[in-house]
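Below: the structure, in structure tokens.
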Amino acid sequence: MDKVYDHKKIEEKTYRMWENGKYFQPEIHPTGKPYCIVLPPPNANGALHFGHAMFTVEDILIRYHRMMGEAALWLPGTDHAGIETQFVFEKQLAKSGKSRFDYSRVELYDLIKAYVDENRGGIEIQLRRLGYSLDWTREKYTLDPRIVTLVKQTFRKMYDESIIYRDYRLVNYCTKDGTSFSDLEVSYEERQDPLYYIKYGPLILATTRPETKFGDTAVAVNPNDKRYKKYIGKEIEIETVSGKVKMKVIADEYVDPQFGTGVVKITPAHDFNDYEVGKRHQLPMKQVIGFDGKMNECAGEFAGMSVKKAREAVVAQMQKKGLIEKIDTNYMHRVGICYKCKTVLEPLPLEQWYVNVQTLKQKAIAVVREGRIQIFPKNFEQPYFQWLENLRDWNISRQNVWGIQIPVWYEVNDAQRFTVSFIDQQSNHRQGNLQELLDKGFGWEEIVKGLQRVIAPISATAVFEEQKEKEKKYLPETDTFDTWFSSGQWPFVTLKTSKQGDFEKFYPTAVLETAYDILKAWVSRMVMLGIYITPAAVPFHHVLVHGIVNDPYGKKMSKSKGNVVNPLELADQYGADAVRFALIYGNATGSDQILSYPKLEAARKFTNKLWNMARFIEFKMQQDTTLQIAVKEIKDLSATDLNDKHILDKTKKFSQEITRYIEKYQFNLAAERLYEFSWHEFADIYIEDVKKRVTQESFTVLVSLYLTIITLLHPFMPFVTEEIYQRLYMGEKPLIIQPWPRT
RNA sequence: GGAUCUGUAGUUCAGUUGGUUAGAACGUUCGAUUCACAUUCGAAAGGUCAGAGGUUCGAAUCCUCUCAGAUCCACCA
């Protein structure tokens with residue numbers, strides 16, 4: 001044996017040995033109790049980051065249960081990550097001077113698919129490098145045809161049961177990425193913007209968005225506001241930049257008399273609150289901002305300007321006309337921005353598909369309250385409940401190409417009411433009213449072939465593929481599902497499309513292990529959709545939450561900050577075992593941690609220490625051949641020496657402790673105890689003691705206890721322990737499937 | 001505005017249902033060491049457990065308040 005443990009010589013070949021031996025497959029224990037963890041699917045196109053290194057927790061559980069003789073399945077898979085991937089791809093496109101508007105949706109999809117296929121596989125290699133005992137023979141991908149079919153079936157079922165519906169309402173729309181987002185995906189930013197006090201006929205109102213005034217369809221005051229009582233229900237005449245306009249004054253509780261002047265302009269098409277007010281008072285919606293982020297023809301002379309430009313221009317005009325009372329430049333407020341590109345999100349009215357979450361969320365709350373699903377640590381239940389209780393209907397439409405297309409067709413019986421965009425035969429981007437485009441001479445076939453996007457009226461008849469009638473014309477829904485709609489079904493769609501009988505055997509899964517930041521986005525969706533599709537079962541019994549790994553200074557790792565550390569580089573330097581151990585050691589379940597180089601170094605020294613214990617044993621056996629026999633026959637341990645008895649007893653207790661810690665998901669305590677015991681109790685004291693009095697009996701005890709230690713450590717540090725096992729013990733089967741020490 | 005979490009040695013963090021002198025790692029200081037390991041061994045120093053009050057025979061742990069930091073949710077033009 002080398003004097004120093006060299007992980008580079010060991011890790012790759014060991015992983016190959018495990019994989020070739022089919023030890024990652026649950027069939028290795030055909031009659032064992034089923035135990036299943038489904039890997040939270042990383043972005044197929046992405047690279048490993050530190051969050052993924054926390055999968056170590058799952059590997060510990062899987063390896064432990066496998067050694068317990070259970071049929072342990074850790075099912076890997078990757079996610080197509082709709083918006084993320086398309087975002088990255090479009091950046092690439094931009095470099096070559098192109099944009100998504102240059103391609104039909106079919107072409108664009110194929111381009112992205114080719115791009116992803118080219119970059120795929122990286123993540124799998126990286127997960128192998130960290131020693132994760134995933135059953136690769138069962139690997140899944142969110143766009144696997146059979147999974148797509150199941151996802152669409154869920155949509156169909158929900159639609160048939162009226163849980164999914166289509167509606168025309170305001171959505172958070174990113175004009176740069178060209179798609180809407182769910183409430184969850186909106187980020188907020190504190191901003192200082194001018195608050196304009198504008199003269200509205202006899203009234204004065206405060207607004208941050210004077211450019212939306214073209215979409216105003218009423219002025220509102222609080223019903224109890226004495227100052228304005230006389231105007232309620234009346235029409236007032238208003239001088240505006242575009243001439244005189246009449247406007248109704250309505251009363252609504254929503255208006256806060258304390259804010260500004262207590263008068264609000266109501267723009268139902270461009271503000272969420274105004275939209276609600278508009279619904280209550282049956283106000284018309286007048287859209288003045290287009291999906292390109294520019295003012296439309298309703299804005300008169302300002303048409304074609306960006307929102308920002310238009311705001312400045314409108315204000316300038318108003319000032320000229322003396323319509324601005326004053327400007328408060330110190331006004332602070334929060335604006336919704338796109339979490340990807342930071343563009344200010346526009347509330348825009350759009351036809352979208354929604355999931356009615358009322359019943360689903362009540363059930364999702366109930367299963368946790370009743371303890372059918374337990375969250376560890378328990379304090380993460382609170383945000384889970386809070387978020388679900390606040391949850392509003394879930395917008396699942398995304399105007400992306402990269403994703404699962406919503407499987408619906410619209411009957412085109414009145415082309416006048418459809419808006420389409422497409423690439424014509426000359427490869428030009430066209431968009432507009434379908435009837436007008438047809439009138440201009442574009443052919444139906446041409447439009448369908450180059451189709452980019454269809455906006456069907458809310459009244460259009462939506463049918464599924466097989467419901468289409470031959471004599472009728474249809475255009476497809478071009479929107480795709482929110483990625484979370486498909487990944488929210490992950491536990492059952494993976495198992496249902498896996499090997500025969502897997503679903504029946506492994507569902508519900510044992511544990512869902514993930515970072516707390518996607519508890520809401522992902523876990524709650526899985527619970528909702530899981531109990532919807534499989535009402536008798538929950539998708540997993542336990543939710544195990546881990547924290548985030550921050551950079552050495554405690555700052556969140558992010559590409560933009562440039563402080564991202566690649567776990568594989570650390571695995572190269574310190575060894576995969578050391579990286580795994582350092583992440584577990586000294587960090588309580590669920591709490592954030594700081595990447596610590598001293599800790600990595602300490603973990604690496606630990607692997608070397610273990611290695612040298614093995615070297616000592618090997619050395620002794622070479623020195624004294626009578627000791628070799630002892631190694632092979634470590635069954636009936638008898639100890640006459642008091643110290644031997646003592647350590648036997650201690651090791652027994654130690655082994656119980658480790659088991660208990662793993663069962664209770666206290667991996668940090670397990671790791672600390674393993675480190676402490678093996679180094680300072682076993683090596684420093686016991687080995688030193690035996691050195692002075694080597695007998696066959698004491699050496700046998702020593703060797704057998706060392707085996708126990710190596711076995712208990714295996715889930716945490718699989719490579720070095722397996723290698724030691726292979727060298728010293730050479731059983732018929734490798735350590736990975738040796739039985740867990742029982743007491 | 002509502003909620004959650006965190007505050008323990010120079011640093012990073014443990015501390016299971018309240019129970020002797022509050023632990024570890026790294027760092028620091030002193031010492032050892034031919035023969036498994038200098039990536040080692042032995043030893044030492046280092047803490048008013050953020051602060052104040054309360055419950056208790058007993059509090060880092062439970063309760064209240066204060067201070068500091070982080071996060072989440074909601075949201076007024």
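Below, read A as the first sequence line, B as the second, and so on, with proteins coming before strands; counting in each chain starts at 1.
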Q.
With a 3.5 Å limit on both atom pairs, tell me what rA14(B) is paired to, counting Watson-Crick and G-U wobble, or say none.
A. none
(Q) Base, sugar-phosphate or nothing for Gln386(A)? Non-hydrogen atoms, less than 4.0 Å. (A) base
Q | Under 4.0 angstrom between Ser591(A) side-chain N/O and rA14(B) OP1 or OP2 | A | yes
Q: Determine whether any donor atom in the side chain of Lys620(A) lies under 3.5 Å from an acceptor atom in the base of rA36(B), or the reverse, and answer yes or no.
A: no
(Q) Side chain of Leu669(A) only, heavy atoms from C-beta on: which candidate in rC35(B), rC37(B), rG15(B) is closest? (A) rG15(B)
Q. Counting any heavy atom closer than 4.0 Å, what does Asn379(A) reach on the DNA or RNA strands: base, sugar-phosphate only, or nothing?
A. sugar-phosphate
(Q) Less than 4.0 angstrom between a side-chain N/O of Lys3(A) and OP1 or OP2 of rU39(B), yes or no? (A) no
Q: State plainly whether the residues Glu346(A) and Arg209(A) are in salt-bridge range, i.e. N to O under 4.0 Å.
A: yes
Q. Considering only rU39(B), rC13(B), rC73(B), which nucleotide approaches the side chain of Asn390(A) most closely?
A. rC73(B)
Q: Would you please confirm or rule out a distance under 4.0 Å between OP1 or OP2 of rA25(B) and any side-chain N or O of His680(A)?
A: yes
**Q.** Side-chain donor/acceptor contact of Glu688(A) with base of rA36(B) under 3.5 Å
**A.** yes
Q) For the side chain of Thr212(A) and the backbone of Gly215(A), is there at least one donor-acceptor N/O pair under 3.5 Å apart? A) no
**Q.** Opposite nucleotide pairing with rU56(B), Watson-Crick or G-U, both atom distances under 3.5 Å
**A.** none
Q: Can you tell me the pairing partner of rC75(B) across any strand shown, Watson-Crick or G-U wobble, with both distances under 3.5 angstrom?
A: none
Q. With both distances kept under 3.5 Å, what pairs with rG7(B), Watson-Crick or G-U wobble?
A. rC67(B)
Q: Indicate whether OP1 or OP2 belonging to rU17(B) is found under 4.0 Å from a side-chain N or O atom of Lys664(A).
A: no
Q) Start at the 5' end of RNA chain B and walk down; is the nucleotide closest to Phe619(A) or to Arg209(A) reached first? A) Phe619(A)
Q.
Please determine whether a side-chain nitrogen of the Lys or Arg among Arg660(A) and Glu663(A) lies less than 4.0 Å from a carboxylate oxygen of the Asp or Glu.
A. no
Q. So does Lys520(A) get a side-chain nitrogen or oxygen closer than 4.0 Å to the phosphate oxygens (OP1/OP2) of rC73(B)?
A. yes
Q: Inspect the surroundings of NZ in Lys308(A) and state if more than 12 heavy atoms from other residues, nucleotides or ligands are less than 6.0 Å away.
A: no
(Q) Any strand counts, and the cut-off is 3.5 Å on both contacts for Watson-Crick or G-U wobble. Which nucleotide pairs with rC49(B)? (A) none
Q. Under a 3.5 Å cut-off for both distances, is rG42(B) Watson-Crick or wobble paired, and to whom?
A. rC30(B)
Q) Is it true that a side-chain atom of Trp387(A) and a backbone atom of Gln382(A) form a donor plus acceptor pair closer than 3.5 Å? A) no
Q. 5'-most contact on RNA chain B: Lys605(A) or Ser596(A), nearest heavy atom basis?
A. Ser596(A)
